[in-house]
Amino acid sequence: RRGQVPRQRPPGREMGRGLTLLLLPLALLAAPAQAEGGTAAAAEEEVKIEVLHLPEVCSPKSKRGDLLNAHYDGFLASDGSKFYCSRTQNEGHPKWFVLGVGQVIKGLDVAMMNMCPGEKRKVIIPPSLAYGQQGYAQGKIPPNATLIFEIELYAVNKGPRSVEAFNKIDKDSDKKLSELEISQYLKEEFARDGKKRHPSVHDEILADIFKKNDHDGDGFISAKEYNVYQHDEL
């Protein structure tokens, strides 16, 4: 239960794309934990979406588990003041995150469903789907704040837990990932990014992958254990 634009913890150290795909929830935008709970009235609130631009070719459309790349600006509905601008963060690079898994606030997870590359939206998010009664002081968001986001989506890709990613690692196609297969995958990813690492880093990461993913302790990571977003079929 995490959220991003902000929501959840600050991004961790970069450890290579392969490491990101297997270990991290791609928390690429810092964000604090959202307040839990809600009221019956809050349950009736919803995200209001206005499509500002729709490309002639609108495909693929985003779905839960997809890896999105987008720019967005955030404003307080109360006075129109801007509290967030992705173009001024991270040297202006668009933000990457996985949709629908809590890396952004709930309202953005909802607002960016069924969105295609090149599409622009203006969305209004009620407090219950943003930062609620607590607000987010670090982000200059007061309690019970309604938020407005202007979003421009650049890319919709298969997420890190997609069938394609699983099959790439599963060399023998037995629908489960062995320690040897993941070890080889890590070596390939480390070689690809070219960063120098102490040999012990490989072993530590490999052990951590199995600790976090091998839920039944059988020494393999099954398709079910790996494909946590479950939006594709193996």
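Predicted model, so just to flag it, every value in this text is computed and none were measured.
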*Asks:* Measure across Ile151 and Ala70 and return the closest heavy-atom pair with its distance rounded to 0.1 Å.
*Replies:* CG2-CB, 4.5 Å
*Asks:* Between CD1 of Ile221 and NE2 of His215, what distance do you get to the nearest 0.5 Å?
*Replies:* 8.5 Å
*Asks:* Does Lys176 make a cation-pi contact with Phe220 (under 6.0 Å, within 45 degrees of the axis)?
*Replies:* yes
*Asks:* Run the salt bridge (charged side-chain N to carboxylate O under 4.0 Å, His left out) check on Asp208 and Lys211 step by step: do they pass?
*Replies:* CA-CA 5 Å; Asp208 199 43; Lys211 180 180 179 181; 5.4 Å; no
*Asks:* Decide whether Tyr185 and Ile205 are clustered together by the hydrophobic rule: side chain heavy atoms of Ile, Leu, Val, Met, Phe, Trp, Tyr closer than 4.5 Å, transitively.
*Replies:* yes
*Asks:* Would you say CD of Gln138 has more than 12 non-hydrogen atoms from neighbouring residues, nucleotides or ligands within 6.0 angstrom?
*Replies:* no
*Asks:* Indicate yes or no for a side-chain donor-acceptor contact from Asp214 to the backbone of Gly219 under 3.5 Å, with no hydrogens or angles considered.
*Replies:* yes
*Asks:* Heavy atoms, side chains only, cut-off 4.5 Å: are Pro143 and Gln134 in contact?
*Replies:* no
*Asks:* Does the plane of the ring in Tyr136 sit parallel, tilted or perpendicular to the ring in Tyr131? Use 30° and 60° as the thresholds.
*Replies:* parallel
*Asks:* Please enumerate all residues that pass salt bridge (charged side-chain N to carboxylate O under 4.0 Å, His left out) together with Glu152, with sequence neighbours excluded.
*Replies:* Arg87
*Asks:* Could you tell me whether the side chain of Ile105 reaches within less than 4.5 Å of the side chain of Leu147, counting heavy atoms only?
*Replies:* yes
*Asks:* Apart from Val51 itself, what residues make up its hydrophobic cluster, given side-chain heavy atom links below 4.5 Å?
*Replies:* Leu54
*Asks:* Is the backbone of Ile209 close enough, under 3.5 Å, to the side chain of Asn213 for a donor and an acceptor to pair up by distance?
*Replies:* yes
*Asks:* The criterion is salt bridge (charged side-chain N to carboxylate O under 4.0 Å, His left out); which residues satisfy it with Lys187, sequence neighbours excluded?
*Replies:* none
*Asks:* With rounding to the nearest 0.5 Å, note down the distance linking NE2 in His93 to CG in Asn69.
*Replies:* 10.5 Å
*Asks:* When you measure from the side chain of Glu225 to the backbone of Asp216, do you find a donor-acceptor pair of N or O atoms at a distance under 3.5 Å?
*Replies:* yes
*Asks:* Linking I/L/V/M/F/W/Y whenever any side-chain heavy atoms sit under 4.5 Å apart, do Phe210 and Phe190 land together?
*Replies:* yes
*Asks:* Would you list the atom pairs, donor with acceptor, under 3.5 Å between side chains in residues 114-121 and any protein atom, with sequence neighbours excluded?
*Replies:*
residue	atom	partner	partner atom	Å
Glu119	OE1	Cys116	N	3.0
Glu119	OE2	Arg121	NE	2.6
Glu119	OE2	Arg121	NH2	3.2
Arg121	NH1	Ala111	O	2.5
Arg121	NH1	Met113	O	3.1
Arg121	NH2	Met113	O	3.4
Arg121	NH2	Asn114	O	3.0

*Asks:* Can you name the ring pair (Phe, Tyr, Trp, His ring centres under 6.0 Å) partners of Tyr154, sequence neighbours left out?
*Replies:* His71
*Asks:* Quick check on the hydrophobic clustering: are Leu76 and Ile124 connected, directly or via other members, by side-chain heavy-atom contacts under 4.5 Å?
*Replies:* no
*Asks:* Do Leu186 and Leu206 touch side chain to side chain, with heavy atoms closer than 4.5 Å?
*Replies:* yes
*Asks:* Is there side-chain contact between Glu181 and Asp170, with heavy atoms separated by less than 4.5 Å?
*Replies:* yes
*Asks:* Within the structure provided, determine whether Asp73 and Phe149 are in side-chain contact (heavy-atom separation under 4.5 Å).
*Replies:* no
*Asks:* Linking I/L/V/M/F/W/Y whenever any side-chain heavy atoms sit under 4.5 Å apart, do Val123 and Ile148 land together?
*Replies:* no
*Asks:* Are any of the side-chain heavy atoms of Met112 and Leu153 separated by less than 4.5 Å?
*Replies:* yes
*Asks:* What distance do Phe83 atom CZ and Lys140 atom NZ have between them, rounded to the nearest 0.5 Å?
*Replies:* 12.0 Å
*Asks:* Do Asp203 and Ser200 have side chains that get closer than 4.5 Å, going by heavy atoms?
*Replies:* no
*Asks:* With a 3.5 Å distance limit and no angle check, can you tell me whether Ser86 reaches the backbone of Tyr72 through a side-chain donor-acceptor pair?
*Replies:* yes
*Asks:* Does Ile141 belong to the same Ile/Leu/Val/Met/Phe/Trp/Tyr cluster as Tyr84, with side-chain heavy atoms less than 4.5 Å apart forming each link?
*Replies:* yes
*Asks:* Is any side-chain heavy atom of Pro127 closer than 4.5 Å to a side-chain heavy atom of Thr146?
*Replies:* yes
*Asks:* Hey, what do you get for CG (Asp66) to CG (Leu68), rounding to the nearest 0.5 Å?
*Replies:* 6.0 Å
*Asks:* Quick one: side chain to side chain donor-acceptor pair (under 3.5 Å) partners of His53, sequence neighbours excluded?
*Replies:* none
*Asks:* Find the distance between CZ (Phe166) and OG (Ser222) and round it off to the nearest 0.5 Å.
*Replies:* 7.0 Å
*Asks:* Please find the pair of heavy atoms, one from Ser62 and one from Val156, that lie closest to each other, and give the distance.
*Replies:* CA-CG1, 3.9 Å
